[in-house]
Amino acid sequence: MTDFAVTKAMFHLPKGMIYLDGNSLGPLPKAAAARVEQAITAEWGEKVITGWNRAGWMAQPTELGDRIGRLIGAEPGHVVLGDTLSIKVYQALAAAIDLVPDRRVILTDSGNFPSDIYMAEGLIKSLGRGHELRVVAPKDVANHINDDLAVLMLTQADYRTGRLHDMKALTAKAQAAGAVTCWDLAHTAGAMAVDVQGCNADFAVGCTYKYLNAGPGAPAFIYVAPRHIDRCQPALSGWLGHEAPFAFDLDYRPGTGIERMRVGTPPVLQMAALDAALAIWDQVDMVALRAASIALTEHFIAEIEARCPMLTLASPRDPHQRGSQVSFAFAEGYPVMQACIARNVIGDFRAPDLMRFGFCPLFIDMADVDAAVTVIADVMDRKLWDNPRYKKVARVT
Ligand SMILES: *Cc1c(COP(=O)(O)O)cnc(C)c1O
């Protein structure tokens, strides 16, 4: 059992703010500031280049990867960190495509995050081998799995609504059809227990700055099932994925195991922040986390529906079909969200009309939900959003 009052005290939460956007950028773990300071002064400052060995910098991508591995149900030694999620999507998809050389179809859904789709399109174009990206509605994915499918590429939870795919069933169906799967866990790693082994996933990727709270620009992770890793030829064959980077050979030979999915120099300062963030996660019981998350989202939905009938629930009503976020649709959702933000209730907006609210039990409790509902209901009842000040669209929504 995890005591969420204890975990809440481990975060710096700006005074008076109710932060319902941990699904987009997690808040600052208090220990991260000191840990990054230590990495700067005691490690970079005092050890300079010897930090690669003496501060363990070179081993961080796999050591921290294993700590994330526990949260996603991975075998030890099969998760590595580095680069951004878009890059990890590219790597995973490129490796997956090569495992099914005689097929050309990549299937995804219109609820996938656009960057994943863009990366797939770019990869297909540079391969020039006639692959086709099929984008179907989320609910139609299962019906499009057939014998021409090479790769099923999905994000487990829809970034707009939190709608969950059945990862186990879709993986089984794709594999029965002779395809391999790439799962993006950006909105599920740290939101609930994920079980890549139990689902028999082939590849999985995710980021660490959302639910995992490692800070803006934190590195992404990639998982490759042990049965595939030795056959994966890295598409991004950087020196740190080489079998012997410090042999400085002119020929590329992929490294051993998951280390071949490394590319270049790891972001050591971000890794320090991630280390501090994972110190909280190391203590979290994922079953308790999911139960708390469901209780929060159920309460939020019931209260908003009772008090704001003009808002339409866009997330699945069944809590087992959604992740740890709740979205409501409203034509003027953008100014509504700006009015809420001006009153220190922070969510975000996704075009065309979705207001998103994330519920992370590590730092959000029932009292926060009640306080947020009071503000949102006030903004709606008194039409506080109907103000030109809230209608000017910012660069990041
Ligand atoms: C957040 C998110 C991304 C962002 O990718 P970056 O390269 O880290 O900017 C990509 N895919 C999904 C599914 C996401 O949720």
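Read the numbers this way: they start at 1 and go in the same order the structure lists the ligands and their atoms.
Atom 11 (N) of ligand 1 has its closest protein heavy atom at Asp116 OD1, 2.6 Å. Remark: minimum distance from atom 15 (O) of ligand 1 to any protein heavy atom is reached at Lys210 NZ, 2.5 Å. The shortest contact between atom 8 (O) of ligand 1 and any protein heavy atom is with Tyr209 OH, 2.8 Å.
Of the candidates Tyr118, Phe113, Tyr90, it is Phe113 that places a heavy atom closest to atom 12 (C) of ligand 1. Between the choices Ser24, Ala186, Ser86, the shortest heavy-atom distance to atom 7 (O) of ligand 1 belongs to Ser86. In this structure, of Leu85, Asn112, Asn23, the residue bringing a heavy atom nearest to atom 3 (C) of ligand 1 is Leu85.
A distance of 6.0 Å or more separates the ring centres of Phe246 and Trp52.
Polar contact check, Ser115 against ligand 1: no nitrogen or oxygen pair lies under 3.5 Å apart. Looking at Thr155 next to ligand 1, no N or O pair under 3.5 Å apart turns up.
Residue Ile304 is tested with Leu311, Leu313, Val326 for a side-chain contact (heavy atoms from CB on, under 4.5 Å); the sole match is Leu311.
In terms of the ring pair (Phe, Tyr, Trp, His ring centres under 6.0 Å) criterion, Trp44 has no residue partners (sequence neighbours excluded).
Ring geometry, His78 versus Tyr223: the interplanar angle exceeds 60°, so the pair is classed perpendicular (tilted spans 30 to 60°). Classified by interplanar angle (parallel below 30°, tilted 30° to 60°, perpendicular above 60°), the ring pair Tyr159/Phe113 is perpendicular.
Val194 and Leu85 fall into different hydrophobic clusters, where Ile, Leu, Val, Met, Phe, Trp and Tyr are joined by side-chain heavy atoms under 4.5 Å apart, directly or via other members. The cluster map of Ile, Leu, Val, Met, Phe, Trp and Tyr, joined by side-chain heavy atoms under 4.5 Å apart, puts Leu354 and Ile346 in different clusters.
Set against the non-hydrogen atoms of Asp184, the atoms of ligand 1 under 4.0 Å away are 11 (N), 12 (C), 13 (C).
Proximity of Lys88 to ligand 1 is not established, as no heavy-atom distance is less than 4.0 Å.
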